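To start, the structure itself, in C-alpha cells.
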Amino acid sequence: MDFFTKHEDGSDIELSNVLNEDRDVLKKGRQPRGLSRNYVPDWDSRDAFREFYQNWMDGMIETQKVAREDININMKETPNDWVATAHRPVSGEMLGFIRFHKRQGMLELTNFNAQLRRKALDIGVSSKRAAAGQAGTHGEGFKVASLVMVRKGFQVRYESAKYYWSFQFGGRDKRHLYCHLTPMLDNQITKRMLEESTRKMEGEERDLKGNIWEDVTVKIGKVYSSKGREIEFDGFKNWMKVPFNLYRPSRVLKTANGDLVMDKDFSGRMYLKGLFLSCNHGTRTLKFGYNFYQGDVNRDRQHMSDLRIQASTLALIWEESIKKGDHGALAEYTKMLREEDTKRWADVNLSSEYMTKDTATAVWKTIIEGELPSTMFFYNKKTEAQDVETISKCLNKRPVPLPNSLWEPLKKFSLVRTPDEQRHYKLSNASPSDLAQSPYSEAIKRSLKAILTLDDRTKDLTIAFKSGEQADLDLLLEGSNLLINDKLHDLILRELTKGPVCQLDKSTESKATLRLKVSDSLRQMPRMIEISQGLKPRELIVSWTMLERDLVFKMYGFDLRCQVTLHRESTCSEKKMDTLFYIGETSARSFRGAMVSEKRERGQCANLKAETLKEDDADLSKEGKGIAECGCSYQIVSQGDSGILFQGLDPEEAYFPMVARDYDEAFFGFPPEAIRPAAPQSAAQPVSVSNNVSAENPMPAPAASQRADAASDDAASDDSDSDYSDSGDSDSDDSDSDDSDSGDSDGTPPKSNFGDEQEREESPLMADNDNSQETQILGDEPTASIQNSKQEISKKLSTQIAS
C-alpha cells in the first residue's frame with residue numbers, strides 16, 4: 001500500500017512499503033540502501049555537506065564539460081536567502097546554484113542539465129572513478145551523506161528524472177536507510193515545462209529553480225513536512241568552510257598542482273579538489289593551508305590515502321610558489337625546514353626525497369645570505385658528535401647545525417660539504433707549494449716515492465705538494481694523486497694505511513712488514529750525494545753520507561755496503577726517477593759470484609741481516625765492480641768508504657750517480673745534477689794529492705776551489721806520484737805508466753799528500769786517452785798506496801762535505 005503526503009507547494013510525497021528490487025528501471029517504490037543508522041559514526045553534518053557539495057561540483061564538471069578551476073562561483077546574501085551561483089568562465093552561463101532559505105531552514109543544491117539514474121542508489125556504483133577532475137570515487141558519497149543528515153534529524157530529498165527520491169530510516173527497528181521513489185504528477189510536470197518554454201522564448205535568464213525532468217536538485221532540512229529539522233544559518237556558515245570556493249582565503253598562490261593558502265585562518269587545513277579533509281595523515285601538523293587538484297582520499301574522506309603522494313605534491317606546490325616569489329614563500333619554506341627538529345611541520349615532510357635542485361639551491365642561498373658564512377660552518381645535526389670538534393679545531397669556524405631533512409637535499413645536490421670534505425676541498429684546491437721547487441722538497445718527494453713504490457697498492461701514485469696554510473688536512477689521496485700539505489713530512493705511512501678497502505685488499509705484505517721495511521730503508525738511504533771532477537782528466541768522484549753507517553758497524557759489525565752506478569745523461573736520464581734498487585738490474589757482466597748472490601738472497605729474506613756476513617765483504621772488496629744492464633759502470637763499496645772514483649770517462653758525456661744500499665728494494669738517494677769530467681789537456685798540469693782515498697778504491701777529491709789552489713801551487717813542480725791513477729792510460733808512454741803504477745825505485749810506497757805542500761811531482765797527464773769507461777773500471781786495479789787509515793780518511797771526507 002502506498003502512502004502520500006502533501007508538501008506546502010502541493011506536490012505529493014510517496015511513503016510506500018512496496019519493495020522494488022529492479023536495479024535498472026526507475027519505478028515507484030522503496031529501495032533499501034544496505035546502510036544502518038550507526039554507519040560512519042564519526043561523521044557530522046559538515047562531513048555530509050562536503051559530500052553533497054562534492055557531487056554538486058562533480059555534476060557540473062561531468063555534464064557541462066568544464067574544468068573545476070574554470071568554474072566561477074558568485075556569492076550573494078539577502079535577508080531571506082544566501083545564494084552561490086556557478087558560471088562558465090567566458091560566457092557567464094549559469095551551470096547551477098546553492099541556495100539557503102533562511103526562514104524555512106532548508107538548503108538546496110541544483111545542477112542544471114543533469115540526471116540521476118536508478119543504479120546510483122547502489123553502494124559502490126560511481127561514474128567518477130576514471131574522471132581525474134572529480135573528487136568522488138567510492139560510489140557511496142551521496143548515500144552516506146543522506147544517512148548522516150537523516151540521522152541528525154534533517155529531511156533529505158532528491159528531485160530528478162521526474163521522480164522524488166526521499167531518504168528515510170525504515171524496517172522493524174527503523175535503523176536501516178531506505179530510498180522512497182515517487183513520480184511527480186503528470187499535470188504538474190506539464191505545467192512547469194510550459195513555464196520553462198515560455199521563459200526561453202522570451203529570452204529571460206534562468207531563475208534559481210530546478211526542473212525535475214532535466215536537472216538534479218537535492219533539498220536538506222525542513223523539506224516536505226513539519227517533522228523535519230530546520231538548519232540554523234550559523235550552522236550552515238560553518239558548513240561553508242568545507243568547500244574551498246565558498247570560504248575564500250585572501251592570500252592564495254595558485255600552482256599547477258594545487259593552491260598554497262597563506263592565510264592564518266586556513267592554517268592546518270587540507271583540501272582535495274576543493275573539499276576539506278577533516279584531519280591530517282600522520283602525526284605532523286600543517287602550518288599552512290592547501291588545496292590539491294589531484295589525489296585520492298581514504299574511505300572516510302578524512303585525509304589523503306597516500307602519504308608519499310601528499311608529500312610529493314606539497315614539494316611541487318612549494319617549488320612553483322618559490323619560483324613565483326609571492327608572499328615570501330621562500331622565507332617561510334626555509335624557516336619550516338630549519339624548524340624540522342622542533343616543529344616537525346607536515347608541509348616539509350619527506351623533503352629530503354622530493355625537494356628539487358632548484359628549490360634546494362634557493363633555500364641554501366637564503367640561508368647563507370641570512371647568516372655570516374665566513375665565521376660559520378653548517379653541519380648535519382645527525383652527525384653532531386663527530387663534526388663539532390672538527391669544525392671548531394680544524395676549520396676554526398663556529399658550528400651551526402641543520403636538520404637532517406634539510407641537510408640531505410643540500411648534500412644530494414652538492415651545495416654543502418661535510419667538515420672532512422671541506423678539509424679535502426681546501427687541500428685539493430690549494431695552490432702548488434713553493435716548497436715543491438726546492439731541492440729539499442724534491443728529496444722529500446723522492447723518499448716518499450720510494451716508500452710508495454714498496455707496495456703494489458701505492459706504487460703508481462703521483463706526489464704533489466700543496467700550500468696548506470689554510471688547510472688543516474695533512475694529505476689527501478685523490479684518485480692516483482697523493483696531495484701533501486707542505487707542512488707534513490712525518491705522517492705519510494700512517495695516513496696511507498687509511499686508504500680505500502678496495503686497495504688494501506690488494507696488499508701482498510702485512511702492515512707491520514711494510515712499516516719495518518720503510519723504517520729500515522729510510523734510515524739506511526744515502527744522503528748528501530755529490531759528484532765532482534777528479535784530479536785528473538776523465539775522472540769523476542762520487543761522495544755521500546749514511547747516517548747509521550758507523551754506529552751499526554761499531555755496535556753490530558754490520559757492513560752497510562752501497563752500490564754506486566754512474567749513468568750517462570744521454571742514455572739514462574730517466575734513471576734519475578728510479579726510487580728502488582734491484583740487484584738484477586745491475587747483474588750484467590758482474591764479477592760477483594753465485595755464492596755472494598745466494599747469500600744476498602738469503603739476507604733479503606732474513607730482513608737484511610745477512611748484510612753482516614763479513615766473508616761477503618771480503619769478496620766484494622775485490623769483485624764489487626761491473627756493468628749494469630744499461631751499459632753503465634757500477635761499483636760496490638763497504639761501510640768504511642763514503643766515496644768512490646770513476647776513471648776513463650768520456651769528457652764529452654755528462655754523468656750522474658745513483659747510490660743505494662746493496663739489497664733489493666733499497667732506497668736510492670737523491671741524485672745530483674749530471675756533470676762532465678775534465679778533458680785531457682795538451683800540457684801536463686801539476687795536481688795535489690787527495691786526502692780522501694780508501695785502500696780499496698780511489699776516494700773523493702777536495703772541493704773545486706781547493707783543487708784549483710793546489711794546481712796553482714804545483715804549476716812549476718816536476719812529475720810526482722799521485723794517490724789517484726788513471727788506469728785507463730794503458731796506451732801512454734812506458735815511463736809515464738811506470739811512474740804511475742809503482743812507488744819509488746827502491747820499492748818504498750809513495751806517501752799520501754793531504755796538505756798544501758807537494759812532496760813530489762805528479763806524472764804528466766797524457767793528452768790523448770781513448771780508453772773506455774768500462775776498461776777503466778774492469779781492467780785495472782788502483783795503483784795508489786794509502787798510508788792513512790780508513791777512519792782518518794772518513795773523518796777528513798766528512799769535514800770536506802760539511803764545508
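No experiment lies behind these values; they were computed from the predicted model shown.
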Legend entry - W345 ring center near Y333 ring center (under 6.0 Å): no
Query - Whether over 12 other heavy atoms sit under 6.0 Å from E389 CD - result: no
For T359, the side chain to side chain donor-acceptor pair (under 3.5 Å) test, sequence neighbours excluded, returns T356
May I ask you to check whether D263 and S250 show a side-chain donor-acceptor distance below 3.5 Å? yes
Pair Y663-F581, ring-ring contact (aromatic ring centres under 6.0 Å, His included): steps then yes or no: CA-CA 7 Å; Y663 63 85; F581 168 78; 8.0 Å; no
Q.
A quick test of your reading: do over 12 heavy atoms of other residues, nucleotides or ligands sit less than 6.0 Å from NZ of K324?
A. yes
message: Tell me whether the count of non-hydrogen atoms from other residues, nucleotides or ligands lying under 6.0 Å of NZ in K576 goes above 12.
response: yes
Just checking K357: does its NZ atom have more than 12 heavy atoms from other residues, nucleotides or ligands closer to it than 6.0 angstrom?
no
Before you tell me yes or no, could you show the steps for K381 and D341 under salt bridge (charged side-chain N to carboxylate O under 4.0 Å, His left out), namely the whole-Å CA-CA distance, both residues' side-chain angles and the distance that decides it to 0.1 Å?
CA-CA 9 Å; K381 178 73 171 178; D341 291 337; 5.8 Å; no
Practice prompt. For the pair K254 and E69, find out whether any cationic side-chain nitrogen is under 4.0 Å from an anionic carboxylate oxygen.
Written response: no
Do the ring planes of F244 and Y271 sit parallel (below 30°), tilted (30 to 60°) or perpendicular (above 60°)? perpendicular
_Centroid-centroid under 6.0 Å between F670 and W544 rings_ = no
Taking atom types as modelled, is there a side-chain donor on Q310 or D306 under 3.5 Å from an acceptor on the other? no
Take E340 and K335, measure what salt bridge (charged side-chain N to carboxylate O under 4.0 Å, His left out) needs, and give me the verdict at the end. CA-CA 9 Å; E340 170 64 15; K335 183 178 180 181; over 6 Å; no
